[in-house]
Amino acid sequence: MANEAISLKGHKDGYEIVLRSAAKFSDIEHELKQLLDQLYKDNSKFDADQVDFKIQTGNRLLSADEKKKIEDIFANYPLFSIHRIKSDVILKDDAAAIIEKNMIHVNADIIRNGQVKTIDGDVLFMGTIHEGGILQATGNVYLLGKTEGIVSAGFPDNNSAVIVGDVTHAQQVRIADLVTIFDDEVQPDESKPVVFVNDLHKLAYLRMDELKKLRPKIYAKFGGF
């Protein structure tokens, strides 16, 4: 019926309850109770000790209070449980955060001794990092500027991040929780300007022409170098 607030769909892997986006939440509550009452009385059709339901909200975003009310309804039926609640939309702030995280930011700041510059996502850095300065990004770091300080990619725990560029004058490179300190005994290899975390969970280095094989998604994001 066109006026129904919810509908039940059966799948090979379980059941799905679809909430009509335009329906009043009070109608959804009422019809959900009726549906679960009917199914619970006819529980002989279920051959499992526990029956999971997926809740699909479509273009409706449930508030925390509304989710709690749905969970409370299900709590009255020990045989039934909610596998997950899924929506086709997200909040504007959440969408903005996702976009921000996946952007490649261009930055040309001067980071001086004692300063920390933090970027959410990837960064194409064209500025200067002085000794004692720190550039850190949650994603990848691509260096085109002058680097004499500390470069940190994948902050704080993204092991798949890489640092690409000239780090021959850097004090340190960091990816996630791994650090290499450059000194008289440990020096970066100019011929391998890609820093990454290898299978042994150690910082390692690659030639630029090996990066595409290591992280093909990077090239998709840039559209090729």
Next on the checklist: I'd like to check the side-chain contact (heavy atoms from CB on, under 4.5 Å) partners of Ile82; sequence neighbours left out, ordered by chain and number.
Outcome noted: Ile55, Ile70, Glu71, Phe74, Ile85
Checklist entry - Looking only at atom types and distance, does a side-chain atom of Arg207 sit under 3.5 Å from a main-chain N or O of Pro193, one as donor and one as acceptor? => result no
Next on the checklist: If the test is side chain to side chain contact (heavy atoms under 4.5 Å, CB included), which one of Ile163, Leu203, Val162, Asn159 qualifies with Phe196?
Outcome noted: Val162
Checklist entry - Between Asn158 and Thr138, is there a donor-acceptor pair closer than 3.5 Å when you use the side chain of the first and the backbone of the second? => result yes
Item to check | Set of ring pair (Phe, Tyr, Trp, His ring centres under 6.0 Å) partners for Tyr77, sequence neighbours left out | outcome: Tyr40
Checklist entry - Are the aromatic ring centres of Phe53 and Phe80 under 6.0 angstrom apart? => result yes
Checklist entry - Got a sec, which residues hit side-chain hydrogen bond (donor to acceptor under 3.5 Å, both in side chains) with His169, two or more places apart in sequence or on another chain? => result none
Checklist entry - When Ser7 is tested against each of Leu35, Val18, Leu19 for side chain to side chain contact (heavy atoms under 4.5 Å, CB included), which residue passes? => result Val18
Checklist entry - Which residues satisfy the ring pair (Phe, Tyr, Trp, His ring centres under 6.0 Å) test with Phe182, sequence neighbours excluded? => result none
Checklist entry - Would you say Thr128's side chain and Ile110's backbone share a donor-acceptor pair under 3.5 angstrom? => result no
Next on the checklist: I'd like to know if the side chain of Asp122 and the backbone of Asn140 have a donor-acceptor N/O pair within less than 3.5 Å.
Outcome noted: yes
Checklist entry - Should we say atom CD of Gln187 is surrounded by more than 12 heavy atoms from elsewhere, each under 6.0 Å from it? => result yes
Item to check | Main-chain N/O of Glu66 paired to Ser63 side chain as donor or acceptor, under 3.5 Å | outcome: yes
Checklist entry - Rounded to the nearest 0.5 Å, how far does CD1 of Ile17 lie from CD1 of Ile6? => result 5.5 Å
Checklist entry - Should Asp37 and Lys33 count as an ion pair when the cut-off is N to O under 4.0 Å? => result no
Item to check | Apart from Val116 itself, residues in the same hydrophobic cluster as defined by side-chain heavy atoms under 4.5 Å | outcome: Ile134, Ile150
Checklist entry - Can you name the residues that form a side-chain hydrogen bond (donor to acceptor under 3.5 Å, both in side chains) with Gln115, not counting sequence neighbours? => result none
Next on the checklist: Given 3.5 Å as the limit, does a donor-acceptor pair link the side chain of Glu131 with the main chain of Gly149, or not?
Outcome noted: no
